[in-house]
Structure formats: C-alpha cells, structure tokens
Amino acid sequence: MAADSIEQLRAGVRGALITPGDPSYETARRVYNGMIDKRPALIVRCADAADVIAAVGHARTTGMLTAIRGGGHNGGGLGTCDGGIVIDLSAMKGIRVDPAARTVRVQPGCTGGDMDHATHAFGMATPGGTVSTTGVAGLTLGGGIGHLTRPYGLAIDNLLEVDVVLADGRMVTASEKENADLFWAVRGGGGNFGVVTSFLFRLHPVKMVTAGPTFWPIEQTGEVMRAYQEFILQAPEDVSGFFAFLTVPPVPLFPPELHMKKVCAVIWCSTAGPEKADRLTKPMRAVGKPLLDHVGPMPFPALQSLFDPLLPPGLQWYWRADFVKEFGADAIGKHFEHASKMPPGLSQVHVYPIDGAAHRVGQADTAFSYRDANFALVIVGVDANPAGKDAITTWCKAYFDALHPYSAGGAYVNFMMDEGQERVQAAFRDNYARLALIKGTYDPANLFRVNQNIVPAAAGV
Ligand SMILES: Cc1cc2nc3c(=O)[nH]c(=O)nc-3n(C[C@H](O)[C@H](O)[C@H](O)COP(=O)(O)OP(=O)(O)OC[C@H]3O[C@@H](n4cnc5c(N)ncnc54)[C@H](O)[C@@H]3O)c2cc1C
C-alpha cells in the first residue's frame, strides 16, 4: 500500500488511521473471539459518515480486502481481515431517543448495552440480543434474536430506516419507502450491501422484566426439554425464556453445591407484570426437580448484562448452529448425549424461541428466511485458555454433526463460522436469489465480501 495514498486518506478523515507498528495496533486489531488472530494492513477508526465514505473510497481504489467492524463480536471474526483494510465503526456511538415518536437512532459503534442504557431512561427498549457487549450493527443486520423476540419480533422487525454508504461511495437512506430493495436485503442479509452508518428502531414500553434462571440436573434433560418445547410454543407472547445447557459457574451468585455442575436450564424474561409472569411460568418452573429457581423483577438492562462478567473479550470461541422446527425424542436424546460431554467451564448450548411476534412477518418479507422455524440452536464452545481450543472445537463439531439431521436445514448467519457457500445458501434458502440480484446492483464487484457472502448476480436488478 503506497505511503502517499495513506497520507492522502489521513488528511481526509477525522478519525484515527492505525497501521502495524503503531502503539495502538495490537489492541486495535483484536476482536472479541480470542481464536481470531488477523493482522490488517490498515484500520480506519471512523469518527463519522464522512470518514466511512473516505475509507470505502480508499478500499475501492486500492482494491484492498475490506472488513467492516461494528462491535467486533462476530464468532467467525468477520469484523477483521488479514492484510486488508478494517472500516472500524466502534467510535461512532451516537444515540438519540425520540420519546414522542417512540424511536431510537443509533450509530454503528453502539453495543446493545449502549442502546439499552439510553432507551431505559425513557422506560422503553427495542429487541436486541442477550449479552450487552454485542454490537447493535452486526447483530441487527443478521436478524437479531433475543429476550424480546417473542413479544416484539427480531431486531430487524423493528428497524425503520438505515443510512448506508455503498461500494461506489454514495450514501443512501433505505426504508420501506426509499430504496426498498436495499432495505429488504439489509434486514437479515448481513453486511453484504454497504456500511450502515445509522439505524432507526421502533421502541416498546419495556422497563422492568421478570427474569432469571431455573436450573435442573442435566440428567432430567428429556423431561425438561420436552416440557419446555410444549410450554413455550403455547405461552403468551409476553412470556419468553431460552433453553440452555451450561456448567454452573463458581461465582457467589450460585450456591457452592451447584458450582461446576452441568445443568439444563431456562433463562426467563417476561414483559408481563411480576404476578402474571410468576403465574404463567410456574407450571414449567415446577417440572421435575429444579436445583435452583431464581426468577424475579429486574430492570431490563440488568438482564441484558447478566452474563457479561462471565464472557469477557479474548476467550476462545467456536460455535455451530441451525434453525429447528421441533425437537423430537431422538434429537432430545442426542442433545443429552452431547451436552453431557460439554467441556467443563464456559461452553454452552442455547435454544432461542423465535416464534411469537417474529412469526407474524412473512418468509419473504425480509431477507431472514426461517420464519417457519420455532427455535435457533447454537452450540458454543468457550475456553479462556488457548490450549483448550481443540477440545471445544471437536466437541462443538461432533454435537453439530449429530443434531444437524434434525434441523430445518440452515443456520442463523450470526451464529455461523466461516462454513462455505453451501451453508450461506442454506441460511437464506428461497431468499438467496433475490439477495444475489440486490448484491449485483449495490456491490457488483463484491467489495464487501468479508461476511457470510452473497455472491453478486451478474446482471443486478
Ligand atoms: C457473547 C455473544 C453473545 C451473542 N448473543 C447474541 C444474541 O443474543 N442474539 C443474536 O442475534 N446474536 C448474538 N450474538 C451473535 C452476534 O449477533 C454476531 O456475532 C454479530 O456478528 C455481532 O455483531 P458485531 O457488530 O458485534 O460484530 P462485528 O464482528 O463487528 O461485525 C460482524 C459482521 O457484521 C457486519 N457489520 C458490522 N457492522 C456493520 C455495519 N455498520 N455495516 C455493515 N456491516 C456491518 C460485517 O459484515 C461484519 O463482518 C452473540 C455473539 C457473542 C460473541
């Protein structure tokens, strides 16, 4: 990369340009997953949309491999690249709540925690994920599954408008009314279509929730998983809870006799008032013999950040995923078999319900194509020690291979590693062809290809 072209870029941006050798380079190149060890040639830490336009222009004219980084949480490390340019949006943290319109406008460096903090002050929230350090940008562009999915839909179901810097350097607004094809594609199609510099979301009246975990011995998996499936699919939409396998962490929050015990669990979140939530969830919380039932009222941001201390950045992560319509007896048996072999520590399995409000959006209404699935399954291998990398990867792959035949066929793009084109196509199913045409229109040279890549159709639309 010619030094004068970097100097030219430096003169045109307000944010920082970070290159190998700079004192901040080693920290700046890191992403959340400690397994990812990539060395970009240039990191442009953008201060505003003008910087993004300049960075995209630099990428286009130099032909450098280009990654877009929001919160840096992508499991496969798709927020960075080797030898290319990283358009780092982490410093763009502006947020504006409009309480009268019940909307929030968010810049792409915001985490879920940033957004929840801002909206909570107004007694409102919009659906995000389940860990507050995750980037709003990447999470939303892939769909956005979390505690509020049953009552209020996916993050994309609440997205009203985005500003996007396109590969050719133009900046456009996309909504139902403007550039509607682009708006359709960014709702689930990931970072394929340009760099989003602003998200406008609809807000809902959510301040306190009734939440917390119920744990059962892992040996009760059969009974609990069957009961959970039956319970959650008929529960009112203001009751939610995801099913999980985990090892109880040795922290004061949990009784010492449970420390390091493998359990199956439901992590509850209900937007109904505490009495109603208690009444509605009681039958499920009484199934089998729970080891712990710790459910009560808490501020929504407290729930969102409950797991943060256990999952700091820099741990080794390997995950695989699939959408699921239902868990039959054979699949439940395989879950028990493989969850029992979960490496001790932080590895987990989550089963998120994606029915309720998310089912009221049609299969082809957005790029997210699994509206007919009831659950998003993710098998997560986590270890603080790099020496544990092989063990978590091997366990995760074997678990996935055993369960994949019982899946709906493809995975949520935000829970995928780098798994090849066939898996990307399986993630979008019938929506893939339309996505490829829109990609052909907005990014025909595939400048934005460090992602779950949609290959541009030659002709565009
Ligand atoms: C601890 C943890 C918990 C999680 N929990 C959930 C959860 O509850 N629900 C859920 O749905 N997902 C969850 N995820 C998955 C998460 O949605 C993805 O990892 C997502 O990619 C993270 O977005 P990011 O902005 O942090 O990532 P980054 O690594 O910064 O970006 C990921 C990709 O998103 C794209 N991208 C990011 N910003 C932009 C932008 N402004 N414009 C265009 N493209 C962009 C790029 O293609 C990039 O490659 C979790 C991940 C982790 C690590």
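Both counts, for ligands and for their atoms, begin at 1 and track the order of listing.
Not a single heavy atom of G142 sits less than 4.0 Å from an atom of ligand 1. The shortest separation from a heavy atom of F193 to ligand 1 is not under 4.0 Å, leaving the residue out of contact. In this structure, Y412 has a heavy atom closer than 4.0 Å to ligand 1.
Contacts between V131 and ligand 1, counted as non-hydrogen atom pairs separated by less than 4.0 Å, involve the side chain only. Contacts with ligand 1 closer than 4.0 Å are made by no heavy atom of T80, backbone or side chain. Of the heavy atoms in F415, only side-chain atoms (C-beta onward) come closer than 4.0 Å to ligand 1. Looking at V450 against ligand 1, only its backbone comes within 4.0 Å, counting heavy atoms. Contact annotation: for F307 versus ligand 1, there are no heavy atoms closer than 4.0 Å.
Checked by atom type, the side-chain pair N385/D383 shows no donor-acceptor distance below 3.5 Å. Side chains of N192 and D443: a donor-acceptor N/O pair is absent below 3.5 angstrom, by distance only. Side-chain atoms of H147 and T130 include no donor-acceptor pair closer than 3.5 Å. With no hydrogens or angles considered, no side-chain donor-acceptor pair links T197 and D163 at under 3.5 Å.
Atoms of ligand 1 found under 4.0 Å from any heavy atom of G71, numbered from 1 in the order shown, are 24 (P), 25 (O), 26 (O), 30 (O). Near W319, meaning under 4.0 Å from any of its heavy atoms, are these atoms of ligand 1: 15 (C), 50 (C), 51 (C), 52 (C). Of all atoms in ligand 1, numbered sequentially from 1 with element shown, those under 4.0 Å from a heavy atom of Y32 are 1 (C), 53 (C). Applying the 4.0 Å criterion to heavy atoms of N451 picks out, from ligand 1, the atoms 47 (O). Heavy-atom contacts of G129 reach the following atoms of ligand 1: 7 (C), 8 (O), 9 (N) (cutoff under 4.0 Å).
Using a cut-off of 4.0 Å between Lys/Arg side-chain N and Asp/Glu carboxylate O, D88 and R29 are scored as not salt-bridged.
One distance of note links CD of Q421 with CD1 of I454; it measures 8.5 Å at 0.5 Å rounding.
Formation of a donor-acceptor pair under 3.5 Å by the N374 side chain with backbone atoms of I232 is not found in this model.
Distances from atom 43 (C) of ligand 1 to the heavy atoms of A137, G194, S198 show the closest one on G194. The residue among L78, N414, I68 with a heavy atom at the shortest distance from atom 18 (C) of ligand 1 is N414. When Q107, R69, H73 are checked for heavy-atom proximity to atom 52 (C) of ligand 1, H73 turns out nearest.
Here's the thing with G146: none of its N/O atoms is less than 3.5 angstrom from an N/O atom of ligand 1.
Taking the six-membered ring where the residue is Trp, the centroids of H335 and F327 are separated by under 6.0 Å.
Two residues are said to be in side-chain contact when any heavy atoms from C-beta on lie closer than 4.5 Å; T173 and V162 fail this criterion.
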